[in-house]
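Atoms within a ligand are numbered from 1 in the order they appear, just like the ligands themselves.
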Amino acid sequence: MEIVSPILTPFNSDGTINKEALKQHATNLLNKGVDLIFLNGTTGLGPALSKEEKKENLRVLSDLSNKIIFQVGDLNLNNVIELIKFASDYDLRAIASYSPYYFPRLPEKWLIKYFQIIASQSRHPVYLYNYPSATGYDISAKLLSKFGLELAGVKDTNQDLAHSMEFKTTFPKMKVYNGSDTLAFYSLLSLDGTVASMSNCLPTVFKEMKEAVARGDARKAMTFQKLITSLVEMARKYGQLGSLYVLTEITQGYKVGGPRPPIFPLDETESKDLRTEVENFLKGLGVST
Ligand SMILES: O=C(O)C(=O)C[C@@H](O)[C@H](O)COP(=O)(O)O
């Protein structure tokens with residue numbers, strides 16, 4: 001049962017990556033009980049990072065690499081292969097990739113071929129990052145099974161937990177995580193864990209939820225899930241990916257810079273309103289974040 005944090009990428013105002021903030025944030029998350037870091041994911045604005053920036057993020061966290069799932073997805077497969085080769089010297093938990101996107105009506109066999117090529121190039125275990133609402137394609141357990149492609153793991157970002165569980169029943173050895181914050185409790189209960197964006201700003205809440213699940217205290221675990229879901233709802237009002245930078249600064253007490261376009265920082269009023277709402281909400285609960 002693992003908490004995987006799809007770590008945000010801290011950007012400076014000039015659009016460069018704040019390496020010190022990334023290292024500080026990753027170290028803090030792991031110290032607070034996050035089990036693994038999912039690097040260059042959606043929350044990390046992976047699709048908005050260059051190949052070189054994806055590499056740089058791994059270099060910055062090189063001493064934590066045994067705790068990293070390194071996301072390498074790109075529409076240019078040459079870049080993906082270069083990233084895989086670059087990462088071969090690192091002690092990674094896994095390589096991961098979202099599926100091809102943007103291009104319409106891709107045949108199933110082309111989608112599978114993308115992952116077959118990745119698997120053939122990687123010395124590390126390969127995880128599928130399945131995010132149908134973001135990519136337009138559902139790389140399901142049925143599809144993998146149809147083509148006989150068994151990957152080491154999957155992060156299935158899906159509101160349908162049964163869809164995630166089908167990976168587990170089809171491929172019992174596969175590591176299966178669900179990537180939706182609002183299903184984190186159920187993912188800890190029924191899968192190998194959760195990959196949750198809100199773990200960036202609530203690492204201790206996730207750790208305590210995991211501990212409650214482990215000791216069979218579903219009621220307590222559910223209170224943590226409700227807290228997480230409440231913060232997701234607050235964040236979504238202003239754009240979750242941009243809000244997360246403000247939420248992390250509020251709860252963790254250090255700056256993590258801001259996002260990169262097309263994800264924009266909250267304006268002053270939005271930041272102030274979000275801060276007021278979150279601080280008032282957390283004040284009454286007496287929880288550690
Ligand atoms: O940021 C990543 O790489 C994640 O896994 C989390 C990602 O799956 C995303 O935050 C999920 O959000 P929704 O459930 O789509 O709101």
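Close approach of ligand 1 to Y129 (heavy-atom distance below 4.0 Å) involves ligand atoms 2 (C), 3 (O), 4 (C), 5 (O), 7 (C), 8 (O). Proximity to G41 (heavy-atom distance under 4.0 Å) selects the following atoms of ligand 1: 3 (O). Heavy-atom proximity to Y131, at under 4.0 Å, picks out these atoms of ligand 1: 9 (C), 11 (C), 12 (O), 13 (P), 15 (O).
Only the side chain of R236 comes within 4.0 Å of ligand 1, counting heavy atoms alone; its backbone N, CA, C and O stay farther away. If you look at P6 next to ligand 1, the close heavy atoms, those under 4.0 Å, all belong to the side chain. Looking at T42 against ligand 1, both its backbone and its side chain come within 4.0 Å, counting heavy atoms.
At the top of the distance list for atom 4 (C) of ligand 1, counting protein heavy atoms only, stands K155 NZ, 3.1 Å. For atom 10 (O) of ligand 1, the closest heavy atom belonging to the protein is S197 CB, 3.5 Å. S180 OG, 3.2 Å is the protein heavy atom nearest to atom 14 (O) of ligand 1. For atom 8 (O) of ligand 1, the nearest protein heavy atom (residue, atom name, distance) is T157 OG1, 2.8 Å.
Contacts classified as ring pair (Phe, Tyr, Trp, His ring centres under 6.0 Å) and involving residues 242-281 (residues at least two apart or in different chains) are given here: H25-Y254.
Listed here is the closest heavy atom pair of L191 and Y177: CD1-C, 4.2 Å.
For ligand 1, the polar-atom distance check against G179 finds a nitrogen or oxygen pair separated by under 3.5 Å.
The aromatic rings of Y129 and Y98 lie tilted to each other, with the angle between the two planes from 30° to 60°.
Around atom NZ of K113, no more than 12 heavy atoms belonging to other residues, nucleotides or ligands sit under 6.0 Å away. Residue M234 qualifies as enclosed at atom CE: its count of foreign heavy atoms under 6.0 Å is above 12.
In this structure, K85 does not pair ionically with E82, as no charged nitrogen and carboxylate oxygen lie closer than 4.0 Å.
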Criterion side chain to side chain contact (heavy atoms under 4.5 Å, CB included) on V205 and L231, from CA distance to verdict: CA-CA 12 Å; V205 168; L231 258 71; over 6 Å; no

Pair up each side-chain donor or acceptor in residues 210-219 with any protein partner under 3.5 Å, not counting sequence neighbours, and list the distances.
{"from": "K210", "atom 1": "NZ", "to": "M1", "atom 2": "O", "distance (Å)": "3.4"}
{"from": "K210", "atom 1": "NZ", "to": "D35", "atom 2": "OD1", "distance (Å)": "3.0"}
{"from": "K210", "atom 1": "NZ", "to": "D35", "atom 2": "OD2", "distance (Å)": "2.9"}
{"from": "D217", "atom 1": "OD1", "to": "K220", "atom 2": "N", "distance (Å)": "3.1"}

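Residue-ligand proximity: Q71 is placed with every non-hydrogen atom at 4.0 Å or more from ligand 1.
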